[in-house]
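Worth saying up front: this structure is predicted, and the values here are computed from it rather than measured.
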Amino acid sequence: HCDTEMLDLLLNLDNSLLERLATGDEVTQIKDPALLRILIERGLDPTMCNYCGHTLAEVFQENGNGTLEQVLTGFRQ
């Protein structure tokens, strides 16, 4: 599992990581709002479609995860 410091390190070392994460389905498996917050702060677009044509927001809604909603609510405050 990845923590926030490790994610920051990986994003700093690999400029294409964010784009690869955005188009795959790995991001939809993240349960920690802090990790999603980092990705969104770094430019992850939750409305961008993954390789299946689904947005991150749609996948979280379908899964009933709630994590994306927690992260987005935090940005609105």
Side-chain angles (χ1 to χ4, degrees):
H1 294 284
C2 187
D3 66 4
T4 55
E5 292 174 0
M6 180 62 75
L7 182 57
D8 267 336
L9 177 64
L10 291 170
L11 289 167
N12 287 334
L13 293 173
D14 185 347
N15 293 334
S16 65
L17 178 61
L18 187 63
E19 182 179 344
R20 291 196 321 271
L21 286 172
T23 57
D25 70 343
E26 294 85 359
V27 174
T28 64
Q29 306 303 315
I30 295 176
K31 304 292 185 205
D32 184 350
L35 297 178
L36 281 172
R37 184 179 306 274
I38 288 171
L39 292 171
I40 291 172
E41 286 173 347
R42 292 287 195 109
L44 177 75
D45 180 359
T47 63
M48 183 175 154
C49 290
N50 66 10
Y51 71 98
C52 293
H54 300 283
T55 67
L56 184 60
E58 289 171 339
V59 172
F60 275 97
Q61 184 176 7
E62 290 169 8
N63 293 345
N65 187 322
T67 303
L68 181 63
E69 288 78 13
Q70 291 171 347
V71 172
L72 295 178
T73 299
F75 277 114
R76 290 186 206 117
Q77 295 176 353

Q: Rounded to the nearest 0.5 Å, what's the gap from CG on Leu9 to OG1 on Thr4? Could you check?
A: 11.5 Å

Q: Working to the nearest 0.5 Å, report the span between CG of Leu21 and CG of Asn50.
A: 12.0 Å

Q: Nearest 0.5 Å please: distance from the CG atom of Leu10 over to the CG atom of Leu18.
A: 12.0 Å

Q: Rounded to the nearest 0.5 Å, what separates atom CG in Leu17 from atom CG in Leu7?
A: 7.0 Å

Q: Give every donor-acceptor pair under 3.5 Å between a side-chain atom in residues 51-59 and any protein atom, sequence neighbours left out.
A:
from	atom 1	to	atom 2	distance (Å)
Thr55	OG1	Glu58	N	3.0
Glu58	OE1	Thr55	N	2.9

Q: Partners of Ser16 by side chain to side chain donor-acceptor pair (under 3.5 Å), sequence neighbours excluded?
A: Asp14, Arg20

Q: Report the residues that fulfil side chain to side chain donor-acceptor pair (under 3.5 Å) with Asn12, sequence neighbours left out, ordered by chain and then residue number.
A: Arg42

Q: Using 0.5 Å steps for rounding, measure from the CZ atom of Arg37 to the CG atom of Leu35.
A: 11.0 Å

Q: With side chains defined as the heavy atoms from C-beta onward, is the minimum distance between Leu11 and Leu39 less than 4.5 Å?
A: yes

